[in-house]
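Scroll down for the structure; my scribbles are underneath it.
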Amino acid sequence: MSDNVVARRSAAAGIDVCTLKRPPANALGLPIIEGLQAALDEAADAKVVVISSEVPGFFAAGADIKHMSTVDAKSFTEYGDKLRGVLDRLAAADKITIAAVDGLALGGGLELAMACALRVGSASAKFGLPEVKLGLIPGAGGTQRLPRLVGRGRALDIMLTGRQVPAEEAHAMGLIDRLVPAGTAEKAALELAAELVTASLPAQRAVIRTVDAAFDLPLDQGFRYEVEQEQELFESGEAREGLTAFLEKRPPKFA
Ligand SMILES: CCCCCCCCCCCCC/C=C/C(=O)SCCNC(=O)CCNC(=O)[C@H](O)C(C)(C)COP(=O)(O)OP(=O)(O)OC[C@H]1O[C@@H](n2cnc3c(N)ncnc32)[C@H](O)[C@@H]1OP(=O)(O)O
C-alpha cells in the first residue's frame, strides 16, 4: 500500500484536492501510483478534482528513474501499465480534473498533467518530455496527448529536444490553460474549480467527450456525435432543470 504520498482533502462542496508529497521530486513510483488510485477512490463524490504538489520545485519529475534502473523488461511493462492505468482513469474520470503546476512537470509528470482535463500553470512551472535523453520515449500517453494540445510541430520540438518549456511559452502554445503568478497554481485551480462546479457535470463531461471525438472522427460523424450527446442530455433532465431554473431565476440543481 502507498506510504500516504498522496493526500486527498475536500476543499469545498464538490471540489477535492489530491496533493502529491513524495520528496525530493514526486517521482511516479508505485507509492504515488497506488496513492493516486486510493485518492481517486476517496474523491468518488467530487465533481472537480485538483491534482497539486507540496514538494518544492516539483509537480512531478516523471517515472521513478531510481526504480527503472533496477527492473527487467517485464517489470518495466507492468509498472508502465500501472502508471498508464491511473492516468487513463484520470482522463476518463466522471468528473473534471485540473492539474495545478507550480514546479517541474517532466516526463510522466507532464503526462499526468495532460491526462487531466485542464491545466493551471504558475510562472514558476516548467514542462518537458525529456525521455529521449534516457533512451526512452514518453510512454504514458505523451506522444498522443501532447500533439493534440499543441500541434505536431511544437510536440516534436519538445519531445525531440527534451527541453523544458517555461510556463509563459506553455500557455502561449496551449499546453496550459491558465497562467498565474508563481506559487499560486493550486489557489488558481481552486478558483477555476469553483467556476466549474456550478454547471452541469454531465453536460461538461459530454463536452469533453465530444471535443475529444473531434480528433478521431471525420467532420460529418463528429457533428452527428455532437447531436447525439445533446439529445441524450436533453432527455436526461439536466437541460430541463437548467432551462427551468433560468426561467425561475434561481441557481440550477444539477445531478
Ligand atoms: C517499483 C516498480 C518501478 C519500475 C519502474 C519502471 C518504469 C516504467 C515506465 C513506463 C513508461 C512511463 C513513461 C514515463 C517515463 C518517464 O517519466 S522517464 C523520466 C522523465 N523525467 C526525467 O528525465 C527528469 C529526471 N530528472 C532531472 O532531469 C533532474 O532531476 C531535474 C528534474 C532537472 C532536477 O535537477 P536538479 O535540480 O539538478 O536536481 P537532481 O539532483 O537531479 O534531483 C533532485 C533529486 O530528485 C531525484 N529525481 C529527480 N527526478 C527523478 C525521477 N524521475 N525519478 C527518481 N528520482 C528523481 C534525483 O535523483 C535527486 O535525488 P537525490 O539524489 O536523492 O537528492
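These numbers come from a predicted model, not from an experiment. Just so you know, ligand 1 is whichever comes first in the structure, and atom 1 is the first atom listed for that ligand. Note that these values count all heavy atoms, side chains included, but never hydrogens, waters or copies made by symmetry. The chain is numbered in sequence order, starting from 1.
Of the protein's heavy atoms, Glu131 OE2, 3.5 Å lies nearest to atom 15 (C) of ligand 1. Of the protein's non-hydrogen atoms, the one nearest atom 48 (N) of ligand 1 is Ala25 CB, 3.8 Å. Scanning the protein for heavy atoms near atom 47 (C) of ligand 1, the closest one is Pro24 CG, 4.0 Å. Of all protein heavy atoms, the one closest to atom 61 (O) of ligand 1 is Lys66 NZ, 3.2 Å. If you check which protein heavy atom lies closest to atom 2 (C) of ligand 1, you get Tyr79 CD1, 3.7 Å.
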Exercise for the section: Report the C-alpha distance between Arg84 and Asp81 in whole Å, list the side-chain angles of each, state the deciding distance to 0.1 Å, and finish with yes or no for salt bridge (charged side-chain N to carboxylate O under 4.0 Å, His left out). Expected result: CA-CA 5 Å; Arg84 288 181 283 267; Asp81 288 343; 2.9 Å; yes
Problem - Check against salt bridge (charged side-chain N to carboxylate O under 4.0 Å, His left out), Asp88 and Arg145 - result: CA-CA 11 Å; Asp88 291 346; Arg145 293 193 171 108; 3.3 Å; yes
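Listed by number with element, the atoms of ligand 1 under 4.0 Å from a non-hydrogen atom of Leu134 are 18 (S), 19 (C), 23 (O). Atom numbering of ligand 1 starts at 1 in the shown order; those under 4.0 Å from a heavy atom of Met68 are 5 (C), 6 (C), 7 (C), 18 (S). Atom numbering of ligand 1 starts at 1 in the shown order; those under 4.0 Å from a heavy atom of Val71 are 4 (C).
Looking at heavy atoms from C-beta onward, Asp16 lies out of side-chain contact with Val50 at the 4.5 angstrom threshold.
Here atom 10 (C) of ligand 1 lies nearest to Gly80 when heavy atoms of Gly80, Ser69, Ala63, Pro23 are compared. Proximity annotation for atom 23 (O) of ligand 1: of Ala60, Ala73, Pro130, Pro130 comes nearest, heavy atoms only.
One N or O on the side chain of Thr70 and one on the backbone of His67 form a donor-acceptor pair closer than 3.5 Å.
Ionic pairing of Lys126 and Glu169 is not present here: no N-O contact between side-chain nitrogen and carboxylate oxygen is shorter than 4.0 angstrom. A salt bridge links Glu191 with Lys187; the closest basic N to acidic carboxylate O contact falls under 4.0 Å.
In this structure, Glu111 counts as a contact residue of ligand 1, since one of its heavy atoms falls inside 4.0 Å of the ligand.
Residue contacts with ligand 1, taken as heavy atom pairs separated by less than 4.0 Å, do not involve Thr70 at all. Contact annotation for Gln164 and ligand 1: only side-chain heavy atoms (C-beta onward) come within less than 4.0 Å of the ligand. With a 4.0 Å cut-off on non-hydrogen atoms, Leu30 touches ligand 1 through its side chain and not its backbone.
In this structure, Asp216 CG and Tyr225 OH are separated by 10.5 Å, a value rounded to the nearest 0.5 Å.
Side chains of Glu238 and Ser200: a donor on one and an acceptor on the other come within 3.5 Å. Counting only N and O atoms by type, the side chains of Ser52 and Thr19 include a donor and acceptor under 3.5 Å apart.
Using a 4.0 Å threshold on non-hydrogen atoms, atom 21 (N) of ligand 1 counts as touching the protein.
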